[in-house]
Amino acid sequence: MFGSITAIGMGLAVVGAGIGVGTIGGKALESIARQPEAIGDIRANMILMAALVEGAALIAILLCYLSNAQ
Amino acid sequence: MRRYFLSFICLLCLSVFAFSQDGHEQPPVGQHGEGTVQHDAVCGPVEEHEFNPGATAFHHIADQNIYNIGPWSFPLPCFLYAPEQGWSIFSSGKFHIGHHGNGHAAVDRYALVEGSVRRITDPAFPSGEVQLEGTFLKKMEVDGKQKEVAFVCYGGKNYAADSKSTADGGLFGGGITSFYDFSMTKNVVTMLLVAALLAWMFFPVAKAYHVRDGMAPKGIQSFVEPIFIFIQDEVAKPFLGHKWEKYLPFLMSLFFFILGLNLFGQIPFFGNSNVTGNLAVTMVLAIITFLLVNLSGNKHYWSHVFWMPGVPAIVKILILTPVEIMGLFIKPVTLMLRLFANITAGHMVMVVFVGLIFIFGKGEVLPSSAAAVGSILLTIFMMAIELLVAFIQAYVFTILTASYIGAATEEAHHH
């Protein structure tokens, strides 16, 4: 059973998304620690931003999958 | 509390053991075989095959023409259309559903293989109801591509069977085949069930706000109200400004429909549905959002898309407008993919964790039992995470929809 090079592409996309979401989460925690009363706004924006970053990674994963299917 | 948890784990252990027993008794289905197909060969699969967790996971998250509750399969209505033979309408019970969703009979050249209807294209195959000797899936090369082909066995001969037509243009291994399946599948039934459940929950709550106006919430009202208020105050009001009331019903329907489907898909051994992990379902949700956003877009929104004020014309023509137009379509595509990928990945990981029993156990009792304990713990952990993901994905879909609508209906800035 051999893998394909698209698996590497998928992995790279996930690394990118991981860095992005990790930074967002870290910064959000930092800002919550600085200003705990703003937790509601920060949480909503954090999830929104994480979702947007995730979207880019998902497009990359789908393109990898499709290029494999061709 | 702890007693319930322990009994839950015991129950889960028992059911997993029951299912792994099932897996051993089952004759190896030829879904992971290699090599070419021999017509006129022995019926059914020949060689012993290695367990393939990926293929198994894909089979378990696929849509089916039967509804499973525990070990029992319930038939669903089939509405099938083939250009060669017209409409065929019957219950999938006519296939005499056997183990693992394989039918024991063919009806009008249709057969049930691994829970989904296939059509035998060979004109030599008799129409009407006939008893089959077996069905199996086989991996083989079709037009230079690795594909899984369903086979049915009749009269000592193997007949290849087409899968239903899909609208993916061959990208996901589908495409237009010899028949179209308009059946009420497992996913459709689940959607109707969830819609009925939501109606059953929300109509009394809505009525209670009229009857008990001004009084404290009671019963299920107190469960729904905080979630409702959360979406209203954290999603609708901040993103939509003073027009929030107009879009609130849509956002609420979206949130509770997705949440309901996500949670319903989490129930083990009941339906095993994966509705929000179906690309077609999330695509329809995304298209509704796309239409709503662009139909309610105002002059200001469209001017920002096509002719952003305050930017040099050359930059607008070369970069900004093309990117903005792409963005119009990328937004719903990411909505569609995000929900689909998150839910599908969760379901697949769960199946693969249960598959560890077969990977490490290799059919022997002791290693299987040891792997079962590990896989049960991992599965419980995954289910807890998936519970969180079910809420987060419903919330994210709603909040992104709200932000897109908000961006489309925002009034011009006064500089």
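The basis for the numbers below is simple: all heavy atoms, side chains too, and nothing from hydrogens, waters or symmetry mates. Nothing here was measured: the structure is a model prediction, and the numbers come from that model.
Within a 6.0 Å radius of CZ in B:Phe230, other residues, nucleotides and ligands contribute more than 12 heavy atoms. By the 6.0 Å contact criterion, CE on B:Met308 is enclosed, its count of non-hydrogen atoms from other residues, nucleotides or ligands being greater than 12. Within 6.0 Å of the CZ atom in B:Phe391, the count of heavy atoms belonging to other residues, nucleotides or ligands does not exceed 12. Counted within 6.0 Å of CZ on B:Phe360, heavy atoms from surrounding residues, nucleotides or ligands total 12 or fewer; the atom is thus considered open.
Two residues are said to be in side-chain contact when any heavy atoms from C-beta on lie closer than 4.5 Å; A:Glu54 and B:Asn342 meet this criterion. Counting only heavy atoms from C-beta outward, the side chains of A:Leu62 and B:Phe340 never approach each other to under 4.5 Å. Residues A:Leu52 and B:Leu400 are in side-chain contact: their nearest non-hydrogen atoms beyond the backbone lie under 4.5 Å apart. Looking at heavy atoms from C-beta onward, A:Ile59 lies in side-chain contact with B:Thr334 at the 4.5 angstrom threshold.
For the residue pair B:Val396 and A:Ala51, the shortest heavy atom distance occurs at CG1-CB, 3.4 Å.
Heavy atoms closer than 4.5 Å to chain A are found nowhere in B:Leu335, neither backbone nor side chain. For chain A, the nearby part of B:Phe239 is the side chain; its heavy atoms alone come within less than 4.5 Å.
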